[in-house]
**Student:** 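I have a structure here, written as C-alpha cells, and I will follow up with some questions on it.
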Amino acid sequence: MGNLRFAVIGAGFWSRFQLAAWRELEGVECVAVYNRTRARADVLAREFGVARVYDDAEELFAAEELDFVDVITDVETHPKFVHLAAQHRVPVICQKPMAPSLTEAERMVRDCREAGVPLFIHENWRWQHPIRWLKQLLAENCIGTPFRARIDMISGFPVFANQPFLAELERFILTDLGSHILDVARFLFGEAVSVYCQTNRIHPAIKGEDVATVLMRMGGQGTTVLCEMAYAGTPLERERFPETFIFVEGEKGSLELGPDYWMRVTTQEGTHAKRHPPPRYAWADPAYDLVQASIVPCNANLVGALRGEGNAETTGEDNLQTMRLVFASYDSAARDEVVRMSAG
Ligand code: 89V
C-alpha cells in the first residue's frame, strides 16, 4: 500500500508536535496544511517540508486527494471541520475534546456514520506508557478485582501560557483535562453507571472552572473511582506536570503509579517497584514530553485502523461515552446531584 496522504487542519501549538509524531511512523505523508491565518500555516509547512498551504478549508478539500485529515484546531471549530470532511468523504481524526457540547458531539458521530466516513478522536492520554503498564497489570489480575481507584492530575503548571484560549473557555478543566482523565477511568475500569461532581474556579482571570472532583461508580467490576483534577496554579510540593498519579485497591493488593513513573505493586508477597518512563523524542517539549510521546502510539493505532490492520480504540462512537461523562459531570456539579448514566 502507498503512503496515506493527509492534511493538517490548524497550525497552533499542538500541530507542530502532532506533525513530528506523524514523522515517527512509516507510510504517512502530510501533503497540505490549512490555517485561518495563512502565515502560521506557511511557517509550519516550511518547518516540516509540506508542499501546499491553504487559508480556505473548502479549497483544500476540493483540490487535494486525501486519505484522511487531522483536525488540530480549538474545540469550537471541531464540528465545522468534521462536517466538512464528512461532506467530502474524507476520514477524519479530530483532537480532543470532541466538541463544545454533547449535542454537537452526537451530531458529528451521526453525520460521519451516515456519510460512511471513519471518525476517530485523538485521545492520547490513555496511550501514556505508564498508564498502558498499569492496564496490563490489571489485566494480569495481580491485585485481584479492583474495588476502588483514585486518578489524580493536580498541577500548578501555567497551561494558559502556551494555550491562551483555554482561559476563555466557559467550561475549562472538565473539557480540556477531564476528557483525558475520565477517558483513562473508562479505559481502566469500564463504563460508569453514576457520576457525582464538584467544581471550583481559583484563577481570578479565567472564565471556566479550574478544579474538578468526580466520583464514579463503574459497572462491570463495580469499582468506585475518584478523579481529582486541578490547574489552579497553586504552588505544590509535588509538581510533576503532566504526570497522572493512580492508586488502585484490589481484593489481593494495591497498585500505585506515583511520581517519576514509579509503579508499585503490593501484595502479600511484599512490594515490587519498577519505573516505567515514557520514550523520549528529541522534538518533544521537555515540559510536555510524557504527553507528547503518547501521540505516537495513538496515531499508530488510528492509522492502523484506517489501513484495516486492527481496531481503533478511540473512535468517535467510543469517545461519545467520554463526552457523556464530561457533560454529566457539569450537570452533576450544577445541580449538586448524582447523575445516573444510561447505556448510551
Ligand atoms: O494535552 C492536553 O490536552 C493539554 C493539557 C495537557 C495542557 O491539558 O491541553
Side-chain angles (χ1 to χ4, degrees), residues 5-23 28-101 103-105 107-109 111-112 115 117 119-124 159-172 175-176 179 206-208 283 285 288 291-292 295 299 302 316 319 323:
R5 297 158 53 88
F6 72 98
V8 160
I9 310 279
F13 175 70
W14 283 100
S15 305
R16 170 163 292 104
F17 304 107
Q18 191 76 10
L19 270 171
W22 280 120
R23 279 212 295 217
V28 282
E29 181 189 355
C30 183
V31 295
V33 178
Y34 156 87
N35 198 64
R36 194 176 41 183
T37 312
R38 196 185 181 92
R40 294 187 76 161
D42 281 332
V43 171
L44 197 66
R46 250 196 318 275
E47 185 179 335
F48 287 89
V50 179
R52 286 171 298 282
V53 160
Y54 296 84
D55 57 12
D56 178 334
E58 286 277 4
E59 208 183 292
L60 176 146
F61 279 102
E64 297 290 338
E65 260 186 46
L66 299 169
D67 294 301
F68 68 97
V69 285
D70 194 4
V71 176
I72 321 174
T73 56
D74 297 349
V75 60
E76 270 72 22
T77 57
H78 289 175
K80 174 172 109 187
F81 292 119
V82 167
H83 293 306
L84 200 56
Q87 270 167 29
H88 289 267
R89 301 281 190 276
V90 177
V92 50
I93 297 175
C94 176
Q95 283 294 309
K96 55 58 69 173
M98 191 188 325
S101 70
T103 315
E104 283 164 289
R107 202 176 315 127
M108 285 156 69
V109 170
D111 281 6
C112 286
V117 164
L119 167 63
F120 302 129
I121 303 305
H122 193 273
E123 179 42 77
N124 56 315
V159 274
F160 308 109
N162 288 323
Q163 298 172 276
F165 75 95
L166 293 176
E168 299 302 317
L169 295 176
E170 299 283 348
R171 292 177 151 184
F172 164 49
T175 56
D176 181 63
S179 55
I206 69 167
K207 291 204 177 132
W283 46 262
D285 177 337
Y288 291 82
V291 173
Q292 290 172 351
I295 299 174
N299 285 359
L302 302 181
N319 201 257
M323 288 289 95

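Please read these numbers as outputs of a predicted model, since none were measured by experiment.
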**Student:** Are Phe81 and Tyr34 an aromatic pair by the rule of ring centers under 6.0 Å?
**Tutor:**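 Centroid separation for Phe81 and Tyr34: below 6.0 Å.
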
**Student:** Can you measure from OG1 (Thr77) to CD1 (Ile72) and round to the nearest 0.5 angstrom?
**Tutor:**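 If we round to the nearest 0.5 Å, Thr77:OG1 and Ile72:CD1 are 11.5 Å apart.
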
**Student:** Report yes if some heavy atom in the side chain of Asp111 is under 4.5 Å from a heavy atom in the side chain of Val82; otherwise report no.
**Tutor:**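 Not touching, per the 4.5 Å side-chain cut-off.
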
**Student:** Say you draw a straight line from CD of Gln95 to CG of Asp70; how long is it, rounded to the nearest 0.5 Å?
**Tutor:**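 Here the interatomic distance stands at 6.5 Å.
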
**Student:** Compare all side-chain heavy atoms of His78 with those of Met98 and state whether any distance is below 4.5 angstrom.
**Tutor:**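 Counting from C-beta outward, His78 and Met98 never come under 4.5 Å.
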
**Student:** Give me the one residue out of Val92, Ile93, Asn319, Asn299 that meets side-chain contact (heavy atoms from CB on, under 4.5 Å) with Phe120.
**Tutor:**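 Answer to the side-chain contact (heavy atoms from CB on, under 4.5 Å) test with Phe120 among Val92, Ile93, Asn319, Asn299: Ile93.
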
**Student:** Any side-chain heavy atom of Glu29 within less than 4.5 Å of one from Trp22?
**Tutor:**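 Side chain of Glu29 against side chain of Trp22, heavy atoms only: no contact under 4.5 Å found.
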
**Student:** Could you work out, with side chain to side chain contact (heavy atoms under 4.5 Å, CB included) as the rule, every residue matching Ala11, not counting sequence neighbours?
**Tutor:**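 Ala11 satisfies side chain to side chain contact (heavy atoms under 4.5 Å, CB included) with Val33, Asn35, Arg40, Leu44 only.
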
**Student:** Output all residues satisfying side chain to side chain contact (heavy atoms under 4.5 Å, CB included) with Ala167, sequence neighbours left out; order by chain, then residue number.
**Tutor:**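 Only Phe160, Ile206 meet the side chain to side chain contact (heavy atoms under 4.5 Å, CB included) criterion with Ala167.
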
**Student:** If you apply the rule side chain to side chain contact (heavy atoms under 4.5 Å, CB included), what do you find for Leu169 with Glu76, and how did you get there?
**Tutor:** CA-CA 10 Å; Leu169 295 176; Glu76 270 72 22; 3.7 Å; yes

**Student:** Any side-chain heavy atom of Gln18 sitting closer than 4.5 Å to one from Val8?
**Tutor:**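 No, too far: nothing below the 4.5 Å cut-off.
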
**Student:** Less than 4.5 Å apart, any side-chain heavy atom of His122 and any of Ile295?
**Tutor:**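 A side-chain contact exists here, since the closest heavy-atom pair is under 4.5 Å.
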
**Student:** With heavy-atom distances below 4.5 Å as the criterion, would you say the side chains of Ser101 and Pro79 are in contact?
**Tutor:**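 Sidechains of Pro79 and Ser101: no contact.
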
**Student:** Do Arg16 and Trp283 come close enough that some side-chain heavy atom pair is under 4.5 Å?
**Tutor:**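 In short, these two side chains do not touch, never coming nearer than 4.5 Å.
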
**Student:** Can I get a per-line list of side-chain donor-acceptor pairs under 3.5 Å for residues 84-91, giving both atom names and the distance, sequence neighbours left out?
**Tutor:**
residue : atom : partner : partner atom : Å
Arg89   : NH1  : Ala86   : O            : 3.3

**Student:** At their closest point, which heavy atom of Ala32 faces which heavy atom of Tyr54, and how far apart are they?
**Tutor:**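 Taking every non-hydrogen atom into account, CB-CE1, 3.8 Å.
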
**Student:** Could you measure the distance from the SG atom of Cys30 to the CZ atom of Arg52? Nearest 0.5 Å is fine.
**Tutor:**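 If we round to the nearest 0.5 Å, Cys30:SG and Arg52:CZ are 9.5 Å apart.
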
**Student:** Just jot down the side chain to side chain contact (heavy atoms under 4.5 Å, CB included) partners of Glu168, sequence neighbours excluded, or say none.
**Tutor:**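 Residues passing side chain to side chain contact (heavy atoms under 4.5 Å, CB included) with Glu168: Lys207.
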
**Student:** Output, in order, the C-alpha distance, side-chain angles, deciding distance and verdict of side chain to side chain contact (heavy atoms under 4.5 Å, CB included) for Leu60 and Leu66.
**Tutor:** CA-CA 10 Å; Leu60 176 146; Leu66 299 169; 3.7 Å; yes

**Student:** Kindly say whether Gly10 contributes a backbone atom to a donor-acceptor pair with the side chain of Thr73 at under 3.5 angstrom?
**Tutor:**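 Not at all, since once roles are kept as given, no pair shorter than 3.5 Å links the two residues.
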
**Student:** Run Val75 and Thr175 through side chain to side chain contact (heavy atoms under 4.5 Å, CB included) and show every step you take.
**Tutor:** CA-CA 9 Å; Val75 60; Thr175 56; over 6 Å; no

**Student:** Within the structure provided, determine whether Tyr288 and Trp14 are in side-chain contact (heavy-atom separation under 4.5 Å).
**Tutor:**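 When only atoms from C-beta onward are counted, Trp14 and Tyr288 do touch, with a gap below 4.5 Å.
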
**Student:** Not counting sequence neighbours, which residues clear side chain to side chain donor-acceptor pair (under 3.5 Å) with Asn124? List them please.
**Tutor:**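 Here the qualifying residues are Ser294.
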
**Student:** Please report the interatomic distance NZ(Lys96) to CG(Asp176), rounded to the nearest 0.5 Å.
**Tutor:**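 That separation rounds to 4.0 Å.
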
**Student:** What is the minimum heavy-atom distance between Glu123 and Ser179, and which atoms define it?
**Tutor:**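 It is OE1-O, 3.4 Å.
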
**Student:** Residues in side chain to side chain contact (heavy atoms under 4.5 Å, CB included) with Asp67, at least two apart?
**Tutor:**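 So Asp67 forms a side chain to side chain contact (heavy atoms under 4.5 Å, CB included) with Leu4, Arg5.
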
**Student:** Could you report the tightest heavy-atom contact between Met108 and Cys94, atom names first, then the distance?
**Tutor:**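 Looks like CE-SG, 4.3 Å.
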
